[in-house]
Amino acid sequence: MLERVPLLVKDLAPYEDDAGADAIAELRALAEPFRGARVLHVNATAFGGGVAELLGTVVPLMRDLGLEAEWQVMHGSDEFFGVTKSIHNALQGADVPWTLEMQDAYVDKLRENALAFEGEWDFVIIHDPQPAAILAFLEQAAINRRGSAKWIWRCHIDLTDANERVWEFLRPYVERHDASVWTMPEFVPASLEMDRVVLIPPAIDPRSVKNLHLDQPFVDEICHQYRIDTHRPIMCQVSRFDPWKDPVGVIEAFRIAREQVPGLQLLLAGSMATDDPEGFHYWELAEKARAGDPDITMVSNIQQVGSVQINAFQRAADVVLQKSLREGFGLTVSEALWKGRPVIGGQCGGIALQIREGEDGFLVDSVEKCAARAAELLTDPARADAMGGNGREHVRERFLSTRLLADWLRLFADLSG
Ligand code: UDP
């Protein structure tokens, strides 16, 4: 058995306040034919990163809609997650070694996971490359337990510049699925041969502890506990410590912006995910770049930063950064916009779906531009607030979990003929 993730209970009714009554009624109608449908989501980690964040909402809401949805996490190991992090990096365009030993380590672990796979399902959704080959091994004669389920592969990463060898290794596994789901058309490799290739961007949960409204005194108190002064300007990035999130570039941009914005503080908050062995290394690189600067605060789940703290930090920030160099989507962008904060994002991947240039924030492709845009917003708080307000409405229209659920249900309907 794969590891079953304990779920929160979520009730759809209050989402009306954020998404509107029509959206909820439509969702209930879409779900009606799937009452009792057995839906399994499988990914690599129950904690840390956007996929875990998404599943923590989508699975309980599917259950509230009457589906028998579950979330299970595959088995891994330090060696396996080292290999899958290399796959992730290679698919996002990094030059990484791709040896036969690495391929064997992947295949062995996936065969083991296929053997551990249990249950009868109507829909199985496999998230990202880590569990992508489970279906292939289930279909093999020795196991032969594909069942009657429809299998969907959901890719959350940016494949615009994917390493060919690694993608070609993965492609046959992906192509066995009945459908694949992508965030943007640009991510779908030309070589992919599948009948159903579907575009569904991720979304944020407006009722999660991370995104619920918090009163200002509470925000102030949480910031105070982390030595952040809410009376001085704050720039914030919430991200795993990962090269694609460019924490060192954020520190460099902060230093330039601070010249024009006296008293500016930078807050870098990042969790350490169990399937991301590189986190500590990139934390140390950022710590080195920080060079003891008291106006730069770095925190992680190790300092008890959880959803409430992230919520407060995003609200306290005068401007939020997501200076990624590659990004599948970047939930943190919608999270900040939903809180009415403008976001300066790296010009890449799903960030460009969320930020409309000059309306909800800015897209940048260098440290200097990032610093200039940050200074521009920090010195014009009224404009920053107006952009944040636009961003909140943009998220309401396009990036709330209710829309994401409706998209999943439409795909189920399509696959069921
Ligand atoms: N996150 C968090 N604590 C942290 C850093 C990140 O809870 O210290 C959350 C963040 O709020 C977001 C998710 O992790 O919900 C990251 O998702 P995103 O899509 O931005 O990036 P990914 O990590 O999947 O590349």
Side-chain angles (χ1 to χ4, degrees), residues 43-58 84-85 88-89 91-92 94 127-130 154-159 183-184 187 200-212 214 222 226 228 236-247 250 267-280 282-283 286 297-315 317 320-339 341 343 345-346 348-355 395 399-401 404:
N43 81 322
T45 177
F47 173 79
V51 181
E53 186 76 22
L54 281 164
L55 294 181
T57 289
V58 164
T84 55
K85 189 69 207 262
H88 176 98
N89 288 339
L91 292 177
Q92 297 221 117
H127 293 263
D128 276 346
Q130 299 95 327
R154 202 311 176 204
C155 179
H156 293 274
I157 55 188
D158 177 346
L159 265 69
T183 299
M184 299 175 80
F187 295 174
I200 304 181
I204 62 156
D205 180 352
R207 314 291 303 180
S208 72
V209 170
K210 180 164 291 164
N211 296 316
L212 277 176
L214 299 179
I222 289 189
Y226 289 87
I228 296 152
C236 169
Q237 175 161 302
V238 173
S239 278
R240 286 178 297 107
F241 285 89
D242 172 301
W244 307 107
K245 311 286 185 183
D246 198 17
V250 171
L267 171 58
L268 285 174
S271 58
M272 303 292 174
T274 52
D275 67 339
D276 184 355
E278 292 181 336
F280 289 98
Y282 286 96
W283 167 281
T297 304
M298 283 172 51
V299 292
S300 79
N301 49 313
I302 298 180
Q303 285 90 4
Q304 298 180 36
V305 172
S307 296
V308 180
Q309 285 84 354
I310 297 293
N311 187 340
F313 297 158
Q314 288 169 329
R315 283 177 197 284
V320 169
L321 302 190
Q322 188 54 57
K323 204 201 152 304
S324 305
L325 305 169
R326 279 268 186 284
E327 190 64 76
F329 184 69
L331 288 172
T332 49
V333 173
S334 278
E335 287 167 5
L337 294 175
W338 181 246
K339 297 172 179 96
R341 302 320 307 150
V343 181
C348 60
I351 295 180
L353 283 179
Q354 300 172 77
I355 299 176
V395 171
F399 302 118
L400 295 185
S401 330
L404 175 59

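We're numbering straight along the sequence, starting at 1. Numbering of ligands and ligand atoms starts at 1, following listing order.
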Trainee: Which of the atoms in ligand 1, numbered in the order shown and given with their element, are less than 4.0 Å from a heavy-atom of Glu335?
Mentor: 10 (C), 11 (O), 12 (C), 15 (O)
Trainee: Nearest protein heavy atom to atom 23 (O) of ligand 1, by residue and atom, and its distance?
Mentor: Arg240 NE, 2.7 Å
Trainee: Could you identify the single nearest non-hydrogen protein atom to atom 19 (O) of ligand 1 and state the distance to 0.1 Å?
Mentor: Leu331 N, 2.9 Å
Trainee: Can a donor-acceptor pair be found between the side chains of Thr332 and Arg240 at a distance below 3.5 Å?
Mentor: no
Trainee: Check whether any side-chain N or O of Ser401 sits under 3.5 Å from a backbone N or O of Ile204 as a donor-acceptor pair, and report yes or no.
Mentor: yes
Trainee: Which atom pair, heavy atoms only, marks the closest approach of Asp128 to Ile157?
Mentor: OD1-N, 4.0 Å
Trainee: Measure the distance from atom 6 (C) of ligand 1 to every protein heavy atom, then report the residue, atom name and distance (to 0.1 Å) of the closest one.
Mentor: Val238 CG1, 3.5 Å
Trainee: Just to be sure I read this right, does ligand 1 sit under 4.0 Å from the backbone of Lys245, its side chain, both, or neither, counting only heavy atoms?
Mentor: side chain
Trainee: Please enumerate all residues that pass ring pair (Phe, Tyr, Trp, His ring centres under 6.0 Å) together with Phe399, with sequence neighbours excluded.
Mentor: Phe329, His394
Trainee: At a 4.0 Å threshold, what atoms of ligand 1 neighbour a non-hydrogen atom of Glu53?
Mentor: 15 (O)
Trainee: State, to 0.1 Å, how close Asn43 and Ala52 come at their nearest heavy-atom pair, and which atoms those are.
Mentor: ND2-N, 4.2 Å
Trainee: State the atoms of ligand 1, each with its element, that fall below the 4.0 Å cut-off from a heavy-atom position in Gly270.
Mentor: 4 (C), 5 (C), 8 (O)
Trainee: Before giving the answer on side chain to side chain donor-acceptor pair (under 3.5 Å), spell out for Arg207 and Asn211 the whole-Å C-alpha distance, their side-chain angles and the decisive distance to 0.1 Å.
Mentor: CA-CA 6 Å; Arg207 314 291 303 180; Asn211 296 316; over 6 Å; no
Trainee: Can you pull out the closest protein heavy atom to atom 16 (C) of ligand 1? Residue, atom name and distance to 0.1 Å, please.
Mentor: Gly50 N, 3.5 Å
Trainee: Would Gly330 count as a contact residue for ligand 1, given that I'm defining contact as a non-hydrogen atom of the residue lying under 4.0 Å from a ligand atom?
Mentor: yes
Trainee: Please work out whether any backbone atom (N, CA, C, O) or any side-chain heavy atom from C-beta onward of Lys210 is under 4.0 Å from ligand 1, and answer side chain, backbone, both or neither.
Mentor: side chain
Trainee: Quick check: closest heavy atoms across Gln322 and Lys245, and the distance to 0.1 Å?
Mentor: NE2-CD, 3.7 Å
Trainee: For atom 5 (C) of ligand 1, grab the closest protein heavy atom and report residue, atom and distance to one decimal in Å.
Mentor: Ser271 N, 3.3 Å
Trainee: Considering distance alone, does some N or O of Ser239 sit under 3.5 Å from an N or O of ligand 1?
Mentor: no
Trainee: Can you list the atoms of ligand 1 that are under 4.0 Å from a heavy atom of Ala269?
Mentor: 5 (C), 8 (O)
Trainee: Kindly write out the residues that satisfy side chain to side chain contact (heavy atoms under 4.5 Å, CB included) with Asp246, not counting sequence neighbours, or none if the list is empty.
Mentor: Lys323, Leu325
Trainee: Rounded at 0.5 Å granularity, tell me how far NE2 in His156 sits from CD in Glu327.
Mentor: 12.5 Å
Trainee: Give yes or no for whether the N/O distance cutoff of 3.5 Å, strictly under, is met between Ile310 and ligand 1.
Mentor: no
